[in-house]
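Each residue takes its place number in the sequence, starting with 1.
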Amino acid sequence: IYPLSIFNSTRLKELKLTMRPGSETFFRSDCWSLPVLTNLHLICAHHSHELSMSLFTCLPALETLCLDHCYLPDSFRLPTLRVLCLGRCDMPEIVWHLPALISLELDDVVFSANMNELFPVLVRLQSLALSFRRKNKQQCFISCPELLNLIGTQVQQHDYYLCGYGTKSS
């Protein structure tokens with residue numbers, strides 16, 4: 001296993017990486033230097049990967065982040081992020097700081113108890129796609145002043161439901 005710090009590039013704009021079991025400490029303790037990377041897709045081959053915020057702090061140009069089967073860090077601050085796609089992830093309890101986020105896709109995620117606090121802070125969110133496969137008994141109210149597109153997909157019968165949503169008035 002090589003440390004992330006040896007992966008440096010001033011040209012790389014897109015990266016798709018699959019993290020194998022056993023690489024958890026490798027990703028927690030190191031940082032890469034990819035100053036122009038705009039698109040990152042991480043796939044955790046084993047759902048035990050707990051991502052550290054330090055993994056993302058070295059990516060100042062990051063605009064699109066896709067995570068699959070990952071545990072999100074408690075502190076999630078990405079000021080330039082515009083698109084976030086989460087697949088089969090557990091949502092953190094801490095409210096995110098994503099001021100530039102305009103598109104959010106949540107595919108089969110486990111919602112935290114504070115989901116009602118998450119959506120109102122996403123003040124620029126224009127597109128929200130929700131897809132449910134697992135049981136989620138969490139209710140939430142979606143209140144995003146700039147929301148233009150809301151897509152909900154239920155793959156199987158679940159106890160989860162949306163109790164309301166607020167969108168930009170025309």
Side-chain angles (χ1 to χ4, degrees), residues 13-17 19 34-44 47 49-170:
K13 292 187 177 194
E14 188 169 333
L15 176 64
K16 185 174 184 178
L17 183 63
M19 300 175 354
L34 303 170
V36 297
L37 188 76
T38 57
N39 298 310
L40 176 62
H41 187 170
L42 294 178
I43 302 165
C44 299
H47 198 105
H49 281 88
E50 190 172 326
L51 301 177
S52 168
M53 193 58 209
S54 65
L55 184 67
F56 306 108
T57 55
C58 304
L59 306 173
L62 190 63
E63 293 181 358
T64 301
L65 176 62
C66 296
L67 301 174
D68 199 355
H69 275 101
C70 300
Y71 287 113
L72 300 175
D74 285 335
S75 175
F76 209 60
R77 303 178 71 82
L78 298 169
T80 60
L81 194 68
R82 298 175 47 81
V83 176
L84 177 60
C85 305
L86 302 176
R88 293 164 295 280
C89 297
D90 292 347
M91 303 291 282
E93 294 290 330
I94 304 297
V95 175
W96 301 334
H97 178 70
L98 305 170
L101 195 70
I102 58 171
S103 180
L104 177 61
E105 181 180 323
L106 303 176
D107 181 15
D108 195 25
V109 299
V110 175
F111 289 144
S112 64
N114 70 340
M115 285 305 291
N116 286 333
E117 298 170 23
L118 169 68
F119 293 111
V121 298
L122 301 176
V123 294
R124 297 192 60 209
L125 193 68
Q126 296 176 4
S127 180
L128 175 61
L130 304 168
S131 178
F132 306 102
R133 290 183 184 88
R134 294 187 269 181
K135 286 194 176 194
N136 262 314
K137 295 185 179 185
Q138 179 64 35
Q139 299 178 24
C140 67
F141 182 79
I142 298 171
S143 176
C144 300
E146 297 294 319
L147 192 63
L148 299 172
N149 300 308
L150 176 63
I151 301 168
T153 306
Q154 187 173 353
V155 178
Q156 296 176 354
Q157 192 77 18
H158 293 294
D159 295 332
Y160 183 88
Y161 59 93
L162 300 177
C163 58
Y165 63 93
T167 61
K168 184 177 184 179
S169 51
S170 302

Sorted by chain and number, sequence neighbours left out, side chain to side chain donor-acceptor pair (under 3.5 Å) with Thr80 holds for none
Distance-minimising heavy-atom pair for Arg124 and Arg82 = NH2-NH1, 4.4 Å
Min side-chain heavy-atom separation Gln126-Asn149 under 4.5 Å = no
Nearest atoms (heavy-atom pairs only) where Asp68 meets Gly87 = OD1-O, 3.0 Å
State, to 0.1 Å, how close Pro60 and Pro35 come at their nearest heavy-atom pair, and which atoms those are.
-> CG-O, 3.8 Å
Here the pair of heavy atoms bringing Cys144 nearest to Leu125 is SG-CD2, 3.8 Å
Hey, does Phe56 have a side-chain heavy atom less than 4.5 Å from the side chain of Leu81?
-> no
Calculate, to the nearest 0.5 Å, the distance between atoms CD and SG belonging to Glu105 and Cys85 respectively.
-> 4.5 Å
Side chain to side chain, Leu72 and Leu86, heavy atoms closer than 4.5 Å | yes
Output for pair (Ser127 OG, Ile151 CD1), nearest 0.5 Å, gives 5.5 Å
Only one of Leu62, Leu34, Leu55, Thr64 passes side-chain contact (heavy atoms from CB on, under 4.5 Å) with Leu40, and that residue is Leu62
So, does Thr38 use its side chain to make a donor-acceptor pair with the main chain of Lys13 at under 3.5 Å?
-> yes
Rounded to the nearest 0.5 Å, the CD atom of Glu146 sits from the CG atom of Leu101 at a distance of 13.0 Å
Between NE2 on residue His41 and NZ on residue Lys16, distance to nearest 0.5 Å = 5.0 Å
Heavy atoms of Glu14 and Leu37 approach each other most closely as N-CD1, 3.5 Å
Member of Leu104, Leu122, Leu148 meeting the side-chain contact (heavy atoms from CB on, under 4.5 Å) criterion with Leu128 | Leu104
